[in-house]
Amino acid sequence: MRGCSRRAGRAARKRRQKCECPIQSVSLCHQPQYVRLMKFLHRRGFTSALLQPALFTDTGRGLQTLKTIKPGQLIVSLPASCLLTTSTVLSSYLGHYIKSWKHRLSPLLVLCVYLVSERHRGETSDWFPYVDVLPTSYTCPAYFTQTVLAVLPADVQRRALEQREALQELHSSSQDFFRSLQPVLSQPAEEVFTYDAFRWAWCSVNTRSVFMSHPCNHFLSGQDVYALAPFLDLLNHQPDVQVKAGFSDVTGCYEIRSVSGTPRFQQAFINYGSHDNQRLLLEYGFVAPGNPHSVVYVDADLLCEVLKGDRSLNQKMKFLKENDFVQNLTVSSDGPSWRLMTALRLLSMPQTLYHQWRAVLLGQAVCEDGEEWSVLMAERLCQRLLRDTHAALDKISELLQQCDQSVREQLDVVHSLRQEETCLLGRCLEVLRGMMRRPEEEELLPCQPDVDAVS
């Protein structure tokens with residue numbers, strides 16, 4: 001899994017897109033930390049004859065096939081004893097403190113606390129062979145400096161700040177519980193459970209855990225769906241790969257089965273879900289080149305800025321907000337989304353046709369002038385987004401000349417996102433310029449934009 005740095009094979013998880021260069025790989029299975037990991041897993045009942053850890057020139061660390069994997073073949077079967085879950089934590093030396101705490105703790109917090117504590121214990125930790133191969137830092141927005149956050153797209157920047165605030169609040173509100181663990185710590189709790197240590201654990205759980213539903217536990221609050229899966233979490237994401245994954249009650253293992261197969265000595269991939277690149281960056285800290293699910297978001301502030309000449313804009317935006325039409329407005333390589341075009345069609349209508357606004361949101365077509373205006377505004381939005389993206393790329397190039405390695409890794413990920421979005425916006429503009437008027441036979445609503453609306 002990606003989004004990591006400062007560990008062999010994890011340097012910002014950059015994919016080199018030079019197709020003319022063949023992908024090369026180097027086995028990692030003889031390195032001491034991976035030898036320890038495999039011995040640790042073997043003692044718990046896991047062996048792998050199909051896959052080995054390797055370093056790839058295009059993705060960094062991943063898993064390489066040792067044999068050809070056929071369609072439908074099981075590629076990983078990790079016993080429950082190898083999974084790090086809340087049950088692991090509750091049965092550990094931390095279990096008493098969690099069960100007796102005055103408030104029920106979230107599964108995420110419990111796993112984070114355990115990871116920090118196990119890293120603090122070093123080689124005496126039961127899970128040291130796993131903790132030792134975890135990245136020491138990540139390229140998730142929680143690690144981004146203010147300079148890097150500033151060159152993110154506006155919507156990503158907003159969500160990244162929300163993510164950071166939520167993490168800071170979780171750390172701050174858990175201080176009393178951290179202090180309650182002093183009896184099992186060899187240093188003061190405030191020196192062990194620092195914000196940096198907690199951030200590392202939080203990113204480890206969020207970027208590397210697999211979905212696994214657990215029975216309700218009266219010691220914990222909220223849904224418990226996390227499982228850290230050593231070795232399995234080395235599998236990287238590829239948008240067009242299909243696998244079947246989940247915990248089998250029959251075998252007692254977390255299993256991944258290939259749908260299409262993989263040739264021998266190639267990297268085996270899984271699919272984290274149909275996520276666009278902005279979400280991949282926010283949740284995992286990497287970008288997938290050529291991602292078919294990628295979109296660029298148009299936020300309400302940009303809409304208002306581009307359409308500020310319309311004196312009834314405030315009323316229209318209020319109407320859109322009341323009808324949940326100011327979120328998830330996007331453009332893709334195929335053109336503007338239905339939601340964006342529907343919002344623009346409503347914005348094309350004059351205030352005098354207020355009684356017809358709801359019909360437009362339900363899919364009713366507008367007049368030809370209104371449709372042309374909507375396409376024109378979509379084009380202007382794309383052009384504005386493209387200008388902003390080019391400006392950000394210029395700023396990133398400037399910053400790369402004067403930053404240290406950790407910031408460089410963060411900037412590299414944002415640079416990849418911005419480059420992908422440049423290509424996407426360019427293709428969207430081509431689609432918009434080729435859009436034709438609606439056929440005359442469609443039932444159209446009359447439309448007369450306000451005289452001072454943007455034209």
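Note that the numbering runs from 1 along the sequence shown for the chain.
- A cation-pi arrangement is present between Arg121 and Tyr93, with the terminal nitrogen or guanidinium carbon under 6.0 Å from the aromatic centre and inside a 45° cone about the axis.
- Between Asn277 and Val295 the shortest side-chain heavy-atom distance does not fall below 4.5 Å.
- With Phe56 as the aromatic partner, Arg61 does not meet the cation-pi criteria of under 6.0 angstrom to the ring centre and within 45 degrees of the ring axis.
- Here Ser260 pairs with nothing under the side chain to side chain contact (heavy atoms under 4.5 Å, CB included) rule; sequence neighbours left out.
- Looking at Pro32 and Arg36, their side chains come closer than 4.5 Å, going by heavy atoms from C-beta outward.
- Between Leu393 and Arg418 the shortest heavy-atom distance is CD2-CB, 3.5 Å.
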Go through Phe40 and Phe128 one step at a time and tell me if the ring pair (Phe, Tyr, Trp, His ring centres under 6.0 Å) criterion holds. CA-CA 9 Å; Phe40 166 79; Phe128 171 74; 9.9 Å; no
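- For the pair Leu417 and Glu420, the minimum side-chain heavy-atom distance is 4.5 Å or more.
- For CD of Glu190, the number of neighbouring non-hydrogen atoms (other residues, nucleotides, ligands) closer than 6.0 Å is greater than 12.
- Summarising the geometry, atom CD belonging to Gln182 is positioned 9.5 Å from atom OH belonging to Tyr97; distances are rounded to the nearest 0.5 Å.
- A salt bridge does not link Arg159 with Glu162: none of the charged nitrogens is closer than 4.0 Å to a carboxylate oxygen.
- Within the 4.5 Å cutoff, the side chain of Pro53 has heavy atoms near those of the Phe231 side chain.
- Salt bridge absent: Arg408 and Asp412 never bring a charged side-chain N and a carboxylate O closer than 4.0 Å.
- Side-chain contact between Tyr297 and Asp276: present, with at least one pair of heavy atoms (C-beta onward) separated by less than 4.5 Å.
- By the 30° and 60° cut-offs, the orientation of the rings of His171 relative to Phe198 is tilted.
- With a 6.0 Å cutoff to the six-membered ring centre and a 45° limit on the axis angle, Arg44 counts as a cation-pi contact of Trp127.
- Gln401 and Ser397 share no donor-acceptor pair across their side chains, judged by distance under 3.5 Å alone.
- Side chains of Leu185 and Gln187 form no contact here, defined as non-hydrogen atoms less than 4.5 Å apart.
- For the pair Leu411 and Val151, the minimum side-chain heavy-atom distance is below 4.5 Å.
- Using a 4.5 Å heavy-atom cutoff, the side chains of Leu181 and Ser117 are not in contact.
- Ring geometry for Phe286 against Tyr284 counts as tilted: the plane angle lies between 30° and 60°, on a 0 to 90° scale.
- We find that Glu398 and Lys395 are joined by a salt bridge, their nearest charged nitrogen and carboxylate oxygen being less than 4.0 Å apart.
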